[in-house]
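Here the structure is laid out as structure tokens; the discussion comes afterwards.
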Amino acid sequence: MPEMTLIEAIRQAQDEELARDPNVFITGEDVGVRGGVFRATMGLYDKYGPNRLIDSPLAEDSIVGVGIGAALYGMRPILEIQFADFIHPALNQIISEAAKMCYRSNGEWTVPLVIRAPYGGGIGGGLYHSQSVEALFAHVPGLKVVIPSTPYDAKGLLKAAVRDPNPIIFLEPKKGYRLIKGEVPEGEYVVPIGPARISRPGRDLSLFAYGMMHHYALQAAQKLESEGIDVEVVDLRTLYPVDKETILNSVRKTSRALIVHEDNLTGGYGAEIAAIIADEAFTDLDAPVRRLAGPDVPAVPFSHPMQDWFMVNPEKIAAAARKLAQW
Amino acid sequence: MPEMTLIEAIRQAQDEELARDPNVFITGEDVGVRGGVFRATMGLYDKYGPNRLIDSPLAEDSIVGVGIGAALYGMRPILEIQFADFIHPALNQIISEAAKMCYRSNGEWTVPLVIRAPYGGGIGGGLYHSQSVEALFAHVPGLKVVIPSTPYDAKGLLKAAVRDPNPIIFLEPKKGYRLIKGEVPEGEYVVPIGPARISRPGRDLSLFAYGMMHHYALQAAQKLESEGIDVEVVDLRTLYPVDKETILNSVRKTSRALIVHEDNLTGGYGAEIAAIIADEAFTDLDAPVRRLAGPDVPAVPFSHPMQDWFMVNPEKIAAAARKLAQW
Amino acid sequence: MDPSPDQKLDMYRLMLLARRLDERAWVLHRQGKIAFHISGIGHEAAQVGAAFAIRRGSDWVTPYYRDLALMLALGMTPAEFLMGLMGKRDEPNSGGRQMPSHWSLRRANAVSHSAPVATQSVHAAGIGLAIKLRGDDKVVLTTIGEGSTSQGEWYEAVNWAAVHRLPVIFIVQNNQYAISVRAEKQMAVQSAADKACGLGLPGIMVDGTDVFAVHRAVKDAVDNARAGNGATVIETRMYRITPHSSDDDDRTYRSREEVEENKRRDPLLLARARLQEEGLLSESQYDEMDTQIKASIEEAVKQAEAAPYPAGEEALHPVYAEEVRHA
Amino acid sequence: MDPSPDQKLDMYRLMLLARRLDERAWVLHRQGKIAFHISGIGHEAAQVGAAFAIRRGSDWVTPYYRDLALMLALGMTPAEFLMGLMGKRDEPNSGGRQMPSHWSLRRANAVSHSAPVATQSVHAAGIGLAIKLRGDDKVVLTTIGEGSTSQGEWYEAVNWAAVHRLPVIFIVQNNQYAISVRAEKQMAVQSAADKACGLGLPGIMVDGTDVFAVHRAVKDAVDNARAGNGATVIETRMYRITPHSSDDDDRTYRSREEVEENKRRDPLLLARARLQEEGLLSESQYDEMDTQIKASIEEAVKQAEAAPYPAGEEALHPVYAEEVRHA
Ligand SMILES: Cc1ncc(C[n+]2csc(CCOP(=O)(O)OP(=O)(O)O)c2C)c(N)n1
Ligand SMILES: Cc1ncc(C[n+]2csc(CCOP(=O)(O)OP(=O)(O)O)c2C)c(N)n1
Ligand SMILES: [Mg+2]
Ligand SMILES: [Mg+2]
């Protein structure tokens, strides 16, 4: 199996879906000749032409709204938001429209579409090129929120997203675009949207993460192994709807839970996972449910010392897990 | 002390603040001659004129963005969003701009402003006139999120909000506008933004709520009293930043926690409260941390049987609290 | 091509049906049988004129809440409308989920819209894009109030249509008020049609009380769009004779004289006079038509009243689509 | 009134300073001493011409990221800019929080802006409203790229200014590209100035490579605004000579010939020729000026390099304002 980067897997998924279904098209800023500022659509304009790769005006709300209209007509749009930080102008179309269309029309109208957006910090992007936005969407019934952490999952989940009859928020950990490599089969396969994945079985503690933090979680787990702490790592992958079963089964086994994300702590996605565990696995718990997350400041600062201070990293994860394992 | 309704208290607070500070002005849709569709600014146009009560164009993003600009210049805008459901077009200005201005300028620029919006269901408003939106904001450092549940608090908190140097999201439980009555002192007082309020002390279980649900919580507590269950009710009032101390002290006393809101369960505000308790009051807990909330469907449906099915009410709260008390 | 005598009579019949149904809705409201009505009285000519300019059932429509006459012209039955007013289970717009007059009629290619104004304009642009990408022989017609053209979303929608020369007809029903706010507080141009020049497409202003003038103007725009020449903005000017909705009290912001004055340009009077002039509708033929319509409405009211409400639990679905229903 | 000979020399000196500083930034980037630069090369005339048309320090400015020359004209020092590039603690824009060229200079009434394009336009409208409400003798100037005028926020901002006749100058720096996307994919009009006619205010197009032409056009608009006649949209047309930013590779979307061709209309060449013609700047005077500027920049580089980074923990503040700093 060829090894490739996360961004290459994303490009390949889009390439294959464009080839498979003439209803699939891509729009967004600079997705055409430029091939996307992160090169997620590189080469596709030459291959599929200007009717399949459409450079949009610089207006995110209309990128999503136009995508919704096209989806209503029967197309399968993939919408690229250049940075997750710039998804906010589109929140009305996403939350008021895409998420509610099926429900409000009693199932008469549906909007199959994928909104791709690079998210996350640690890349010198400062306040507005580093944000994590998953919590905004993992509270909105009608949306599905997907965050792949490996090239294999990225390709398989993106292909599943394109074929899903619902609006999908597909967030890509951009720090991992070129950093994360892995084996990816040629051609056809999908990874189902929904199930989380136990990426490292363990008995002492459950570590829940996604995106770049999932890699850091694995690194932390490896470090703790040498200290005799056996950590189970769960890659949540689909954040919404939540895969409660996998989460609860893991905690029932380990009796300890640590949730990690780089987004701000308060009101972040981890709160929901902690709340589920505190309710439904209460009697299984041997220790408090812990969260390790970005601090409650607006976003990741630019200057390196401050960026480092903000970011969760393998050392911080290992420290939090160690403390919890010893609780 | 005169008794008045929630909406009258809100109008009085605005009246007094307009009189107190010439920098205060109000803009939004229909806030002028019409006095607001809920009458929150009734009579103020005649009293203060068109330079203090400005009918905005029908464009929420610009209502907030213009408010930010005016605040930067030194004004103290109160911005009315006609229904919380229509705040989504303004999320970019709220989340990207208002919330981050102080931080990103290292404190050089600040945006003192209040965004008022009626929220919540049970009033036959269907999907788009019933939404609860607090979870969107109670995750955004730089914002403060306030929800009053009594006329006294509404007046005192709104006056505090107008004087606060930060952007405040002030959500008003619209079902209670005329339903909720209470004593309100004439003239000057403020209720500080920050502290939650124990509205009914109890020993068996802590019930956390806000807005209309806080009233239902009190009703449920009263009902349970006759069954011998002594419920402590906490009106959270300021949702963000979270008043952890009051919450944790209450749980340390009662050992049981139930959080109630009418917004969707998953990713809702209750998750954060549950997560805080599951971490910091773990050893005090005698039972799982429970949440009672709206179901995970897009919003409150219009047709009465479906609306009733959606809404949390005193009976549902009493049932959930009873079950938890007996756990 | 001018409408045939039969078509003209058809157009008038629809206008009269819309008016009588609308009046009946107000009666139901006064009787306390429905909780909410938003009226299209005064808008009938603009809507019926536009409807007859497209290929109904083949072309697409993204309407707004005042479009009762338009929806009737697209084939919605009076009973369907009335069931919507009452929140009955089988009403076709939303199965009782949305407030009345939040239209959807799948069989007529009339797309579900929400309450947040101007979102439907962007969907129309997207449908137009899909029509163009597929090379279909269709156009899409979308309607909106003049106040709502203040939304950035409207601008973004029209801009997409102009840049990509999409087959979209943007109809602005300028009834001179957005709830209480007069058009001159929304825009500094005389007519919403003037906005087109800033976006690089034709803008046409037409008397919205003259059904045949509207028909001609929209027909030209439709022909243009179908021929591949792109979009048009059309302002149809009329007066909102009723309060904004049954929740509104328009005496707070406009005089009775002004309203009475404007009732003189009632589109139904104008059309009837024209048909009479042309010898198509005698006094007695009119009486017969009116009697028939009223009888059919009473029949429909009975039917709607007898129709079942949804069960509460039906509100649990459909949050997600199992499959896309359309191709 | 035309600028005096001294002013003309001043203008040219600032343009040259901006150019040399910008070139120096590219060198720092090639040396790996900074991670990111976004260039204003080619934009100097438009920015300096505009800056000299307002009362610098008294009037207000909401700038965008290409405005190096504008910020220098407002009094930012080269060392301050360079510290910003390096994320140093005492850089005035954000204390190292924001990426380089995300300006703020409180002492010059230049407001902090973010990355999401067009948000600053709305703030300008709000500042204009505040100026008008206070009756102050000030105007506000705001800048933006042509691609960013596709945002609905820009439209909403200009609409407020037009409806309320606010003292705002909306300058659009049309450099013909938005990253890779050419202006004709953003708008169907020839110039962003044409957009003004749809909004009911004057729109002026001026050669953005001619500093004195820009100065004249902006001066007229400023005089108008100060006289209470409201806002103006001004397009200054130029060419973006550099890649979008140091992260961009413009060879993927435009030919070297096109770029070379456009370098001929370098605003510095044009201005220097004019000054030479008018006998204000001889060859040797130019050399002396250039030498001086370069020396001062080297001095500033040393200063900036020696300046301290912020400590990581400084990133904890200031999320909330303790008090509003201004009146
Ligand atoms: C985004 C949004 N903001 C506010 C409202 C509340 N609202 C409903 S209708 C309306 C006025 C609309 O006026 P106009 O566009 O002129 O249409 P008309 O009702 O006159 O036909 C307002 C403010 C809304 N529905 N959506
Ligand atoms: C809301 C938003 N979307 C996308 C971006 C990413 N982005 C940064 S600059 C830019 C192009 C801007 O082009 P233009 O407005 O013409 O200004 P120029 O850079 O050419 O001066 C884009 C798409 C952004 N900063 N903000
Ligand atoms: Mg109107
Ligand atoms: Mg540009």
Side-chain angles (χ1 to χ4, degrees), chain A residues 60-61 85-96 99-100 102-104 126-128 135-142 239-242 257 259 263-283 285 287-291 295-299 301 327, chain B residues 60-61 85-96 99-100 102-104 126-128 135-142 239-242 257 259 263-283 285 287-291 295-299 301 327:
Chain A
E60 285 77 8
D61 188 70
D85 313 63
F86 307 139
I87 208 164
H88 299 94
L91 290 179
N92 193 37
Q93 284 289 344
I94 297 173
I95 297 177
S96 302
K100 297 181 175 58
C102 175
Y103 187 74
R104 81 182 187 214
L127 293 182
Y128 294 98
L136 280 172
F137 303 110
H139 173 55
V140 181
L239 275 63
Y240 194 86
V242 185
I259 307 130
D263 191 15
N264 314 118
L265 177 75
T266 302
Y269 182 69
E272 179 61 33
I273 305 304
I276 289 172
I277 294 168
D279 182 354
E280 302 187 38
F282 178 72
T283 51
L285 285 172
V289 183
R290 284 274 148 82
R291 294 175 289 165
D296 284 336
V297 305
W327 194 89
Chain B
E60 285 76 8
D61 189 70
D85 314 63
F86 306 139
I87 208 165
H88 298 94
L91 289 180
N92 193 37
Q93 284 290 344
I94 298 173
I95 298 176
S96 302
K100 297 182 175 59
C102 176
Y103 187 74
R104 81 180 186 216
L127 293 183
Y128 294 97
L136 280 172
F137 303 111
H139 173 56
V140 181
L239 275 63
Y240 193 85
V242 185
I259 307 130
D263 191 14
N264 314 118
L265 177 75
T266 302
Y269 182 69
E272 179 61 34
I273 305 306
I276 289 172
I277 295 168
D279 182 353
E280 301 186 40
F282 178 72
T283 52
L285 284 172
V289 184
R290 285 273 148 82
R291 294 175 289 165
D296 284 337
V297 305
W327 194 88

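Every heavy atom of this structure was used, including side-chain atoms; hydrogens, water molecules and symmetry mates were not. Chain letters run A, B, ... following the sequence lines, proteins first, then strands; residues in each count from 1.
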Completion exercise
Cut-off 4.5 Å, heavy atoms of chain A, and the answer for B:I273 is neither

Problem - Portion of B:Y240 that has a non-hydrogen atom of chain A nearer than 4.5 angstrom - result: side chain

Fill in the blank from the handout: Value for CD1 (A:I259) from CG (B:D279), rounded to nearest 0.5 Å, stands at 9.0 Å

Problem - For chain A, the option from B:P295, B:P89, B:A99, B:A138 that forms the most heavy-atom pairs under 4.5 Å - result: B:P89

Fill in the blank from the handout: All heavy atoms of B:A274 vs all of A:A275, minimum pair found to be CB-CB, 3.7 Å

Handout entry: Under 4.5 Å from any heavy atom of chain B - which part of A:L265
Key = backbone

Problem - Best-contacting candidate, B:L91, B:N264, B:L127, against chain A by heavy atom pairs under 4.5 angstrom - result: B:N264

Handout entry: Under 4.5 Å from any heavy atom of chain A - which part of B:V140
Key = neither

Completion exercise
When rounded to the nearest 0.5 Å, the distance separating OH of A:Y128 from CZ of B:R104 is 4.0 Å

Fill in the blank from the handout: Answer key: most heavy-atom pairs under 4.5 Å with chain A among B:P141, B:P301, B:G268 is B:P141

Exercise for the section: Using a 4.5 Å cut-off on heavy atoms from C-beta on, say whether the side chain of A:F282 contacts that of B:V289. Expected result: no

Fill in the blank from the handout: Contacts of B:A287 meeting side-chain contact (heavy atoms from CB on, under 4.5 Å) (sequence neighbours excluded), chain-then-number -> B:R256, B:L324, B:W327

Fill in the blank from the handout: When the 4.5 angstrom heavy-atom criterion is applied to B:Y269 and chain A, the contacting part is neither

Fill in the blank from the handout: When the 4.5 angstrom heavy-atom criterion is applied to B:I277 and chain A, the contacting part is neither

Practice task
Considering only heavy atoms and a distance below 4.5 Å, find which of B:R290, B:H88, B:E60 pairs most often with chain A.
Solution key: B:H88

Fill in the blank from the handout: dist A:L136:CG -> B:H139:NE2 (nearest 0.5 Å) comes out at 6.5 Å

Problem - Contact origin within B:D61 toward chain A - heavy atom pairs under 4.5 Å - result: neither

Completion exercise
ring pair (Phe, Tyr, Trp, His ring centres under 6.0 Å) filter on B:Y103, not counting sequence neighbours, yields none

Fill in the blank from the handout: So OG of B:S96 and CD1 of A:I87: to nearest 0.5 Å the spacing works out to 11.0 Å

Handout entry: Heavy-atom pairs under 4.5 Å with chain A, option from B:A281, B:A90, B:A278 with the top count
Key = B:A278

Practice task
Sort out for me which of B:V242, B:I276, B:D263, B:D85 touches chain A most, counting heavy-atom pairs under 4.5 Å.
Solution key: B:D263

Handout entry: Salt bridge flag under 4.0 Å for residues B:R291 and A:E272
Key = yes

